[in-house]
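We name chains A, B, ... by the order of the sequence lines, and we start the count at 1 in each one. Computed over heavy atoms, backbone and side chain alike; hydrogens, waters and symmetry mates excluded.
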Number of protein chains: 4
Amino acid sequence: MINTEPQNRRERRIAARQEQILEAASIIFSTKGYERATTREIAEAADVSEGTLYNYFDNKIDLLNGVARGFADEITQKIEAIEANNLEDMMAQLLTDRFRSGRERRLFMLFLYEARLNPEVHRYYGQEALQRIISATEKRFRSLIDAGVMRPVDPDVAARAISATIMGFAALYELGQHKAQDNNRFSAERWGSEVTDLFLNGLQVISRADGEGK
Amino acid sequence: MINTEPQNRRERRIAARQEQILEAASIIFSTKGYERATTREIAEAADVSEGTLYNYFDNKIDLLNGVARGFADEITQKIEAIEANNLEDMMAQLLTDRFRSGRERRLFMLFLYEARLNPEVHRYYGQEALQRIISATEKRFRSLIDAGVMRPVDPDVAARAISATIMGFAALYELGQHKAQDNNRFSAERWGSEVTDLFLNGLQVISRADGEGK
Amino acid sequence: MINTEPQNRRERRIAARQEQILEAASIIFSTKGYERATTREIAEAADVSEGTLYNYFDNKIDLLNGVARGFADEITQKIEAIEANNLEDMMAQLLTDRFRSGRERRLFMLFLYEARLNPEVHRYYGQEALQRIISATEKRFRSLIDAGVMRPVDPDVAARAISATIMGFAALYELGQHKAQDNNRFSAERWGSEVTDLFLNGLQVISRADGEGK
Amino acid sequence: MINTEPQNRRERRIAARQEQILEAASIIFSTKGYERATTREIAEAADVSEGTLYNYFDNKIDLLNGVARGFADEITQKIEAIEANNLEDMMAQLLTDRFRSGRERRLFMLFLYEARLNPEVHRYYGQEALQRIISATEKRFRSLIDAGVMRPVDPDVAARAISATIMGFAALYELGQHKAQDNNRFSAERWGSEVTDLFLNGLQVISRADGEGK
DNA sequence: AATGAATGAGACTTCATTCAT
DNA sequence: TATGAATGAAGTCTCATTCAT
């Protein structure tokens, strides 16, 4: 019998149970938000009793922190895994990927919103997780600037701008979902390419080099 | 004796009272979010009894809708009032204004977040208030495109991109506020001009090598 | 100018206003019951302000007492006005009249129910008004017994039995109203005659005189 | 080991708890009526917290429906259990039983009154519980008619008349209770036999002159 | 005398958390 | 370790009554 990471069977079972609860919490929180989600429905979704929840997590906010941790890990990993050496491909992947999963969109919003209201989420998500996401983006930008394919803007500002836009769109996108009539206006691909174009080429007419600036 | 708008003293007092309640609600909601705000503290902030709240608004969500209405009015008015006929100035004002007021930033987040979770807010804010804000922006863009100073991008997409970015930044900004040490990194002016540059000139280096850098 | 009862114009106006409020209260109370009726809707139905209600009545229960007083007056008067010297006619009138007006049926129920819960209503309605109604009925019975057309039962018991039956039927009738399909089963006339028959002739077969009793 | 009904200890405890809550609710509702009863006092009477109430019943009205169900069960069972093959005995038992328990009398009134005002109670009590009680009575009457000891009146009308009378008396009786001086006038037994006589023999003197008077 | 805005006690209900089994 | 019944604090909302205008 091979024990890879979690030493014995018991610890593996515990880890699995925790994962199962976090998965359920992630679904419920992303759907209903933190305040409106109840521990009862999280327990039901995880197929455990409410009491069991409290064997694995101290309280409701600890559950949210657990979800935040997993979410941040997943996003950073995805961003770091993007393989693209021209700017256009990278942007397209960065944006389109973010728009694709409904749960991801909603979790983005959730944490952004909750981080301001909840000190624990703020400490964990606002200062740590988000930092890692922005840093991962920044690193990609820096290498593209070094490669000469991206304008030498402040890569930190650019990374934040991209992140902010993604998060803002996540919200707009969710709202648009409700309108059935013009679904195509809101496809992840369409938004991805349109916004990529904006970010790559800016709003100004190309012939601006002749000095209409400020 | 001519009574122009609020006919008599009583009606004036009632209008003032409604305003006073909305102002209090706006502060509390923007600070604590919808669910965490209690009618008790809104009443206290408005210096009236809880019962009085319900003489002016049907229920808690109606209070939020009242705030949303005022918010949308104010923003659209501000956007329409921007006087600028070059793109850069307009963008700078549009963005900087939005980053300036903490309450405005937080309300942007609040409505965006709540609109997905609460059907009533969605109906009112997501489909009416937000629409007006985006339309006002779109109209500005369209005239700039007609004037030939802005690339002929889809003005609806651009307006949404700007709005999304503003909302995303509103969130990032609020999180940054907590870090006292590098306050200057997050001044409305700095963000305004950096993001303006990004939006105007894009990230790409190509075909713009003739020196438009800042 | 003739001043009959309420001496001057002012007193007449006051009496009229009181009547108008009582009429409204009677409608609302009979429809919704005491607890579920609100002073606001009574005021609206009377077309006066809530404040005015309290200029004419001390409080909500005083309104109910006022309605009870008028109701008892009206019923006793009606019972005393019945002209019939055979038992069958009298019973038919007594019962059918009581079943005819929806408001009267509901007020019967209302006072019966409230009298137990509310000391004031109990004192006024349960001990005084109801007493008058029963006495009026009793007096009619006594004269019929004296005339030899009615069995010499205890007229008090008989009067109470009739009153009880009327009140019970009032309730059953109201419930039946909701069923549209067999409306005719519940017409005042049908009930009146069926119950008259029961009360006049009893349930036992006529040939019981030959001793199947206990 | 055979577990017949309430399988294990836990389930037995839960059933007992539900019963304990219903018993408390029955007392409070019958004493104060539905609107005046508060969930707080029901909880106190049941010796549980208010929260626990809501683990067993959805809301206040569900609590009343629970009481109604038990009430209807009990009454129908009692009526069906009456052993009497002559009309007089049966009537005497039917009436006297109904007059005996104060709580039963008050619940009769309560449901009759509430059924008109509350759609949920109407649906449950007015159309189901009451129906069962009347049907049980009707069935008894029908068999007595078949046996030839009861006049062939419409058994449905007779059952309703009896039920109505019982309910009406329940109300009168309760009012009378307050008068301490002539308690004996209102004993269940006295009313039972007097009203039995009325119902059996009717009020009319005719064609019965052959001496059945009591 | 009439008005109706203001009040605040109190009602019902929810839900995170605990703890005996 | 898992369960879920019990808890009770806290939230939203209603409504009889008062009182300045």
I need the minimum non-hydrogen distance between [X] and [Y], along with the two atoms involved.
{"X": "D:Leu107", "Y": "D:Ser26", "value": "CD1-OG, 3.9 Å"}
{"X": "D:Glu120", "Y": "D:Asn118", "value": "N-OD1, 2.9 Å"}
{"X": "D:Leu110", "Y": "D:Gly33", "value": "CD1-CA, 4.0 Å"}
{"X": "C:Tyr34", "Y": "C:Lys60", "value": "O-NZ, 2.9 Å"}

Roughly how many Å is it from [atom1] in [X] to [atom2] in [N], rounded to a whole number?
{"X": "B:Lys60", "N": "F:dC13", "atom1": "NZ", "atom2": "C1'", "answer": "12 Å"}
{"X": "B:Ile61", "N": "F:dC13", "atom1": "CD1", "atom2": "C1'", "answer": "15 Å"}
{"X": "B:Asn55", "N": "F:dC13", "atom1": "CG", "atom2": "P", "answer": "14 Å"}
{"X": "A:Glu35", "N": "F:dG11", "atom1": "CD", "atom2": "C1'", "answer": "12 Å"}
{"X": "D:Arg10", "N": "F:dT3", "atom1": "CZ", "atom2": "P", "answer": "11 Å"}
{"X": "B:Phe57", "N": "F:dT14", "atom1": "CZ", "atom2": "P", "answer": "15 Å"}
{"X": "C:Leu53", "N": "F:dA16", "atom1": "CG", "atom2": "C1'", "answer": "10 Å"}
{"X": "A:Tyr56", "N": "F:dT3", "atom1": "OH", "atom2": "C1'", "answer": "13 Å"}

The correct set of residues in residues 26-34 of chain C placing a heavy atom under 4.0 Å from DNA chain E is none

Would you call the rings of B:Phe111 and B:Phe71 parallel, tilted or perpendicular if under 30° counts as parallel and over 60° as perpendicular? tilted

Kindly state which residues belonging to residues 42-51 of chain B come within less than 4.0 angstrom of DNA chain F, counting heavy atoms of the residue only, listed by number. B:Glu50

In Å and rounded to the nearest 0.5 Å, what is the [atom1] to [atom2] distance from [X] to [Y]?
{"X": "B:Glu128", "Y": "B:Asn65", "atom1": "CD", "atom2": "CG", "answer": "9.5 Å"}
{"X": "C:Ile42", "Y": "C:Ile21", "atom1": "CD1", "atom2": "CD1", "answer": "10.0 Å"}
{"X": "D:Leu64", "Y": "D:Asn59", "atom1": "CG", "atom2": "CG", "answer": "10.5 Å"}

Under 4.0 Å between a side-chain N/O of B:Thr39 and OP1 or OP2 of F:dG11, yes or no? no

Comparing D:Asp58 and C:Thr52 on DNA chain E - which has the more 5′ nearest nucleotide: C:Thr52

Which part of the nucleic acid does [X] contact within heavy-atom distance under 4.0 Å: base, sugar-phosphate only, or nothing?
{"X": "C:Arg36", "answer": "nothing"}
{"X": "B:Ile14", "answer": "sugar-phosphate"}
{"X": "A:Arg17", "answer": "sugar-phosphate"}
{"X": "B:Thr38", "answer": "sugar-phosphate"}

Could I get the full list of side chain to side chain donor-acceptor pair (under 3.5 Å) partners for C:Glu35, not counting sequence neighbours? D:Arg36

Can you name the residues that form a side chain to side chain donor-acceptor pair (under 3.5 Å) with C:Glu23, not counting sequence neighbours? C:Arg103

Terminal helix-axis angle for the helix from E:dA2-F:dT21 to E:dT21-F:dA2, with five pairs defining each axis and rounding to 10 degrees: 0°

Hey, which sits more toward the 5' end of DNA chain F by its nearest nucleotide, B:Ala37 or A:Arg13? A:Arg13

Provide the start and end nucleotides, 5' to 3', of the part of DNA chain E that has atoms under 4.0 Å from heavy atoms of chain C. E:dA1 to E:dG4

Do the non-hydrogen side-chain atoms of D:Leu112 and C:Tyr113 ever get within less than 4.5 Å of each other? no

